[in-house]
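Being a predicted model, the structure only gives us computed values, none of them experimental. Chain identifiers are assigned alphabetically (A, B, ...) following the order of the sequence lines, protein sequences preceding nucleic acid strands; residue numbering begins at 1 within each chain.
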2 protein chains.
Amino acid sequence: MGVSIRDVAETAGVSMATVSRALSGRGNVSPRSRQRVLDAAAKLGFVPSYNASSLASGRTRNIGVMLPSVSRWFFSSVLEGASKALLEAGYDLTLYNTGEQPGNRESVLNDFLLRQRLDGVLAVSLELSSDEVDRLMRVKRPVVGVGGPIAGVATLRIDDVAVAREATQHLIGLGHRDIAHVSGTAEFERDFALPTSRREGFLAAMKDAGLEVRSSWLAATDFTVSGAYSASKRLLAAPGGRPTAIFAASDEMAFGAILAARDLGLRVPDDVSIVGIDGHDLGPLFGLTTFDQNPRKQGETAVHMLLGQIEGDGAAPPSAAIEPEFVVRSSTAAPKAAQRG
Amino acid sequence: MGVSIRDVAETAGVSMATVSRALSGRGNVSPRSRQRVLDAAAKLGFVPSYNASSLASGRTRNIGVMLPSVSRWFFSSVLEGASKALLEAGYDLTLYNTGEQPGNRESVLNDFLLRQRLDGVLAVSLELSSDEVDRLMRVKRPVVGVGGPIAGVATLRIDDVAVAREATQHLIGLGHRDIAHVSGTAEFERDFALPTSRREGFLAAMKDAGLEVRSSWLAATDFTVSGAYSASKRLLAAPGGRPTAIFAASDEMAFGAILAARDLGLRVPDDVSIVGIDGHDLGPLFGLTTFDQNPRKQGETAVHMLLGQIEGDGAAPPSAAIEPEFVVRSSTAAPKAAQRG
DNA sequence: GTGAAAGCGCTAACAC
DNA sequence: GTGTTAGCGCTTTCAC
């Protein structure tokens, strides 16, 4: 129905092969022919069919991005970065939003990813089983992971354990001894080990400092502002005394903790210090001390790793660790309020 | 390289056409043949090539979603809804994140959308010029718009003017006379008339009630929490006296206003009432009075309109108006503080 | 440097 | 109900 390469060939007075070469840049074409082709294409408003091109060449110029949610800040930021990098590189981005519950993943893997429409896959915060990785690898397309470790796949991520440990050490260094941790529930562990890793780092720092951790001060909730708000309210209003500091596993959770403290009439950081992880855009507004992990950049970098593998020698890039930047703002300070045991 | 339909045909002992029919459901196949095909396909691990299928049939089972941002709540929610609906329908979603600045739109329209890889396009909050619409229509694919009016295209949206008017009337009904409006700058008008429409509704309601609007109480900023925070601080701390109520053009902006009020030591709603538009997930946490427009649902509905057009009779569905629900929470009340001129 | 021709893997008439 | 056949629009050997 549209203008095909044949039409361009005819008006340019050359063969289809020459048109293809002139337009794709592959192979040699005389400047004269190239110009004739370009003129003809412009005149006819030629738009190449990517399906036909893909079918013939095997390249699709399309990358699949798989992630558990688009509404949480980390994910939308990674997506934004990846989207920008792909747009610039002239690739399409096919989005597979698996949803927080793992049911959809099945169908995404089975029905979508394998349909040979993708040159590569970006898997964001998905902890894939070895069987799932196998299935992914079977299509012989490069895969790069972001935010979660995937066995046998090049991955881009921060060292969650180390970052959590340092965030906790920041609080300890300020003089805090009664520190609570707000993190994700077991439900979330299925898809990424993040909650476990961050809790691990927290516990390690506490242990190193010889500090005790009350089990009730390890709050588990979902990764949202609201979830952390409720959990923090419980923490801060518990009859047995409250912590002087909260380490939240994400900035959104930290915001929830800050809002909870305020609603209880507690001052941040005077009555309670709060630290997060992420580098959320609203961090400055809340004065949140946090580890900035620049997810937008992670999305971009991951895309470049992927494209390097696709367009380059095909060698899998090494997994890379992102260096997050610790940003101290006004949500953390030395404890001032009298402590209760 | 993979298993093709020909291999399946051979092991099943039928023709390629029968395999195609059995697998796609189109056309008649005896139960016996169907079973043989299914068995053979499963045994060989057959995965159809969508490129080949698209090329031959003209259908791509792929929908393009164009939006200006994935980080703002409204957009990510629409995307989530659309993504869910498409996943269920067995369609791929190709994401075109044009970015808030209009430069990318050009390349998205020129280089991506026209490559005949899409069965339809969902345009979210993009005000396309007639030339751009022309180019979109030239590919003969259905287009459905969400959140912004597009000339000549079926659109799903709330009546921004009416909603803004009612939100303002809510404040007026409570007894407020000094009402400010925080909305988007002219910069944003390029991509959607939303700021203008909502300001229009606000002004209409004020005029109807015989209330004056100070020009300095029409604050224009970007559509973020931070932008509204700064703008609201200026509004609420201005030397000439402050408004007793703020109507924010979005919930995220309303959150910014609430945070600004709190940081100034003002109580919401005692000192200042705040109302938004959207139905943001965090509305309950902030006690925000708002018009819930359920963007997730809008995304789903828009997809169904699109698929109906693609799979059905091809008739363009009528533009539909979403009925937003007014939710009164604790951020609005009758003015209590003494008013100053 | 260029063209002819053989597919890429599938679908859709059309015949039987 | 099933097979045969002719493409979908492009890329890519292979000759020249």
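Regarding A:Arg61, its CZ atom lies at a distance of 12 Å from the P atom of D:dT11, rounded to whole Å. Straight-line distance from the CZ atom of A:Arg6 to the C1' atom of C:dG3: 13 Å, rounded to whole Å. If you measure from atom CE of B:Met16 to atom P of D:dG7, you get 15 Å, rounded to the nearest angstrom.
Side-chain contact between A:Phe46 and A:Asp7 is absent, with no heavy-atom pair separated by less than 4.5 Å. A heavy-atom distance below 4.5 Å is not found between the side chains of B:Phe223 and B:Ser69. A 4.5 Å side-chain heavy-atom check between B:Val121 and B:Tyr96 finds every atom pair outside the cut-off. Counting only heavy atoms from C-beta outward, the side chains of B:Lys84 and A:Asn97 never approach each other to under 4.5 Å.
For A:Ser15, counting side-chain heavy atoms from C-beta on, the closest listed nucleotide (D:dC10, C:dG3, C:dC10) is C:dG3.
Direction of the helix axis in the helix from C:dG1-D:dC16 to C:dC16-D:dG1 shifts by 30° between the two five-pair termini, rounded to 10°.
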Table please: side-chain donor-acceptor pairs of residues 55-65 of chain A below 3.5 Å, with sequence neighbours left out.
residue : atom : partner  : partner atom : Å
A:Ser57 : OG   : A:Ser53  : O            : 2.7
A:Ser57 : OG   : A:Arg59  : N            : 3.2
A:Thr60 : OG1  : A:Asn62  : N            : 3.3
A:Thr60 : OG1  : A:Arg117 : O            : 3.2
A:Thr60 : OG1  : A:Asp119 : N            : 3.2
A:Thr60 : OG1  : A:Asp119 : OD1          : 2.9
A:Thr60 : OG1  : A:Asp119 : OD2          : 3.4
A:Arg61 : NE   : A:Gly90  : O            : 3.3
A:Arg61 : NH2  : A:Ala89  : O            : 2.8
A:Asn62 : OD1  : A:Thr94  : OG1          : 3.0
A:Asn62 : ND2  : A:Thr94  : OG1          : 3.1
A:Asn62 : ND2  : A:Arg117 : O            : 3.3

Return a table of donor-acceptor pairs under 3.5 angstrom between the side chains of residues 298-308 of chain B and protein atoms on other chains or two or more places apart.
residue  : atom : partner  : partner atom : Å
B:Gln298 : NE2  : B:Gln293 : O            : 2.8
B:Gln298 : NE2  : B:Gln293 : OE1          : 2.9
B:Thr301 : OG1  : B:Lys297 : O            : 2.8
B:His304 : ND1  : B:Glu300 : O            : 3.2

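Of the residues in residues 22-31 of chain A, those placing a heavy atom less than 4.0 Å from an atom of DNA chain C are A:Asn28, A:Val29, A:Ser30, in numerical order. At a non-hydrogen distance threshold of 4.0 Å, B:Leu55, B:Ala56 from residues 51-59 of chain B come into contact with DNA chain D.
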Hey, what are the protein-to-nucleotides 14-16 of chain C N/O distances that come in under 3.5 Å?
none

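Residue A:Val19 is out of contact with every strand shown, counting any heavy-atom pair closer than 4.0 Å. Note on A:Ser20: a base of the nucleic acid sits closer than 4.0 angstrom, heavy atoms only.
For B:Thr18, a side-chain nitrogen or oxygen approaches OP1 or OP2 of D:dG3 to under 4.0 Å.
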